[in-house]
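Here the structure is laid out as structure tokens; the discussion comes afterwards.
Remember, predicted model here, so these are calculated numbers, not experimental data. All ligand and atom numbering here is 1-based and tracks the order in the structure.
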Amino acid sequence: MRAAVVTRFGGPEVFALSELPDPEPGPGQIAIDVSHAAVGLIDVFIRQGDYRDRPGLPQPPYVPGLEVAGTVRALGAGVDDVRVGEPVVTLSGTGPAGGYAEVEVVDARLAVSLAGAGVDPALAVAALPNATTAHLALTEVAHLRAGERLLVHGALGGLASAFPGVARTLGAGAVVGTVRRPSLSKARAAGFPYDDVVAAEDVAALETRFDIVVDPVGGQVRTDSLEVMAPLGRMLLVGNASGDWPHTVSTNALWYANLGLLGFNVGAYLAARPERGRPAAVAALAALRQGLVPIRTETLPLAEAGEAHRRLVAGGVGGRILLTP
Ligand SMILES: NC(=O)c1ccc[n+]([C@@H]2O[C@H](COP(=O)([O-])OP(=O)(O)OC[C@H]3O[C@@H](n4cnc5c(N)ncnc54)[C@H](OP(=O)(O)O)[C@@H]3O)[C@@H](O)[C@H]2O)c1
């Protein structure tokens, strides 16, 4: 099979399109003929070597890519709940690497059938893993109750933009997004079900009080959010797109104001509890079917994996980049 291989830690030029042996599924696994592989910011961080010392993450040479759509090619021993030829999409807990390829092998428990789902595979891989993350974060971590108000930072991002639609299906009240000021008009026109989108720079001045803050951005907006949280408000810490790694939040501010900060990392969660993935994904599919996660996709050939990473880092993609073998 052909695969886009990260040959060493470094810039987007470290990719090489290589011919590798077709992987075979082991017990409990399936092999997938990949039609679309999603490109995420996390792939960039891993390629740069930002997580080089973290256990379980790959060392070069490796094939990146956490989420794919495609059809089942072969079943490993003990797999009897999907069939060869079935259209599937994978969730982000299947392992650290492998999707930028013609064939990927994954844990069968984290493959979700698209048979009869009425959802296009490109939309499914662009939106369903993140929508599943949103569903798990809102239900199992933040324990969203009907009518609660949400504030979602980096509102157009791949992960963030799945939250308003999923929150709607769970009965949330108002959902407000934030973006950096230059992106305001684009965000308001993007079609995601936000009640309003405001500038991240103005968060501390908002009059509304929010029960749940979703923060994949980090940095100053994380601290500013503490000013606009309702008593017993919960902030979901789900990323650091700002790249502001040294930023810290005062723990004293939390007990003064009855606030909770909750971390959620879907990869580590599903690696530990893989059985939680499919039910959450099936629930999250409802949001996709209802058109509540209208994420734009842009498709590049596998050979342009480096270019895909360049575009992601340059910003302003406003959707998801997919690679097709
Ligand atoms: N917890 C989890 O399980 C999980 C799952 C998936 C992703 N993540 C994490 O979530 C974060 C976002 O990932 P993604 O795949 O959604 O990336 P993405 O699609 O590139 O979205 C990042 C968003 O953040 C915005 N942004 C970047 N820097 C910013 C800044 N300084 N201030 C305000 N907004 C800023 C970007 O806006 P522009 O369009 O202007 O660039 C973009 O809308 C990453 O840290 C990733 O590792 C976590």
Under 4.0 Å to a heavy atom of [X] - the qualifying atoms of ligand 1, by number:
X	value
N265	1 (N), 3 (O)
L41	15 (O), 17 (O), 20 (O)
G158	16 (O), 18 (P), 19 (O), 21 (O)

Pick whichever of [options] has a heavy atom sitting closest to [atom].
atom	options	answer
atom 14 (P) of ligand 1	V313, L159, V266	L159
atom 12 (C) of ligand 1	A134, A241, G239	A241
atom 30 (C) of ligand 1	Q220, R180, K186, R181	R180

Next item on the list: Report the part of F264 (side chain from C-beta onward, or backbone N, CA, C, O) that has a heavy atom under 4.0 Å from ligand 1; answer both or neither where that applies.
Entry: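 Answer for F264: backbone.
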Note to self: Under the rule for salt bridge (charged side-chain N to carboxylate O under 4.0 Å, His left out), what residues qualify as partners of R8, not counting sequence neighbours?
What the structure shows: none
Margin query: For ligand 1, which is the ligand I care about here, please tell me if A160 has any N or O atom under 3.5 Å from one of the ligand's N or O atoms.
Written below: no
Check: Would you say atom 46 (C) of ligand 1 touches the protein, meaning some protein heavy atom is under 4.0 Å from it?
Finding: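 Neighbour list for atom 46 (C) of ligand 1 is empty of protein heavy atoms (cut-off 4.0 Å).
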Check: Are L312 and Y51 linked, directly or through other ILVMFWY residues, by side chains that come within less than 4.5 angstrom of each other?
Finding: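 Same cluster: L312 reaches Y51 through Ile, Leu, Val, Met, Phe, Trp or Tyr contacts under 4.5 Å.
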Checklist line | Residues that, via side-chain heavy atoms closer than 4.5 angstrom, fall in one hydrophobic cluster with L261 | finding: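 Direct or chained contacts put L261 with L151, V176, V198, V203, L206, F210, V213, V217, V221, L226, V228, M229, M235, L237, V249, L254, L259.
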